[in-house]
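Note sheet for the following structure.
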Amino acid sequence: MWTPDSIKFGAFLAPFHPLDADPALQLRRDIDLMEHLDHLGFEEAWMGEHHSTGAEIVPSPEVFIAAAAERTERIRFGTGVVSLPYHHPLITVDRMMQLDLQTRGRVIFGTGPGKIPLDAHMMGIDPRDQRRRQGEALEAILPLMRGEIVNMETDWFTLRDARAQLPTYDPAGIEVVTASTISPNGSVLAGTNGLSLLSLAASSPSGFDALDRNWSIYEKVSAEHGHTADRSTWRVVNPMFLAETQADAERAVSRRIQSMAYYANRQNGRYPVWGETPQGVIEHWRHESLGEFGQAIIGTPDQAIAQIERLIEKTGGFGTMLILHVDMANWEDTKRSYELFASEVVPHFRRRNVRRQASLQFAEDNREYLIGNLVGALEKARTDYYGAPAQTGA
């Protein structure tokens, strides 16, 4: 039975970075963020795979996760996502199995078809083939991960007596996740193969509208293929940046947010009026969308709580809320954003302060009795020590 206090929290990084800073420092800062999230108690951190257009600078989430795992103790890492059409299935499996062993089971295998058109173009891949290739790759990858021998031939890979020589750290295997946006394709693929679901566009107007519909499709397809649709493994993504006040949040992001919008708009050849000022970008991201990832919360913990409750009401419940991380503030303000989320948003849903609040409420409701007894006890202690006060008469 799903309950709100079972929700987990994490961060999802493409990662988005401005094009005017040192990429070596940006990568180190992302690893520092993993350590900070681990310290704050976040359960998951996801890192994407991209090969072009400048801002999303991690071509190998596996290499990044291997480094970050050595700096952390408990947080789990997801590949967000491995673009399956770009890799031979056996190599993909071998790398994930090695990473699973190195991290001692802290890996989640997120999969997708690939997103950036230039990535596919440089490899000579027709974008129309990418979703087909994703399905074919999974057809090979899943039995390989189970230890089976696979023989398979397609127009882009061949497997002959193929097997993975390494085991998974947990005999139950590695959790495999499929990305979904607005269309039901991700839900059908995940349900068919018994995979977990990752909703990347949960807070975009059209993505939000499709959440409950896509989950219903996922449940239906899962049942048809003998799998159980488990809400605890459903992840939704929402952009968020928090500060003590909305004005503080706007000031923190005002220097960099415009460059991030410029990156997204340049890919589409659009230069809208709203992108000409930081405040214009803030308002557009709040009320329209941050690309495919949806409407951003740039404000306070209370606003983050309200948005998560809105997502819960729409979906009927999910397992993990992932904050889409955009490098749009300095390091101190970035850390503070996650600290506010961990200290004020997470306890709201985990109900960690219910007993403390009940204790104070009882003290308030019974103050006359409790304070009366305290006064009486203090008076008795004084009398026992000093004796009864002398009586004065007329």
For [X], all residues meeting ring pair (Phe, Tyr, Trp, His ring centres under 6.0 Å), sequence neighbours excluded:
X	value
F42	Y338, F341
H36	none
W285	none
F349	none

Taking side-chain contact (heavy atoms from CB on, under 4.5 Å) as the definition, give me every residue that meets it alongside [X], ordered by chain and number, with sequence neighbours left out.
X	answer
R350	K8, F9, E43, V346, R352
E283	E250, Q279, R286, H287
Y385	none
E175	R76, I108, V177, S196, T233, R235

Using a 4.5 Å cut-off between side-chain heavy atoms of Ile, Leu, Val, Met, Phe, Trp and Tyr, which other residues end up in the same hydrophobic cluster as [X]?
X	result
L360	none
V63	none
V221	V188, I217

In short, side-chain hydrogen bond (donor to acceptor under 3.5 Å, both in side chains) pairs touching residues 87-96 with sequence neighbours left out are E49-H87
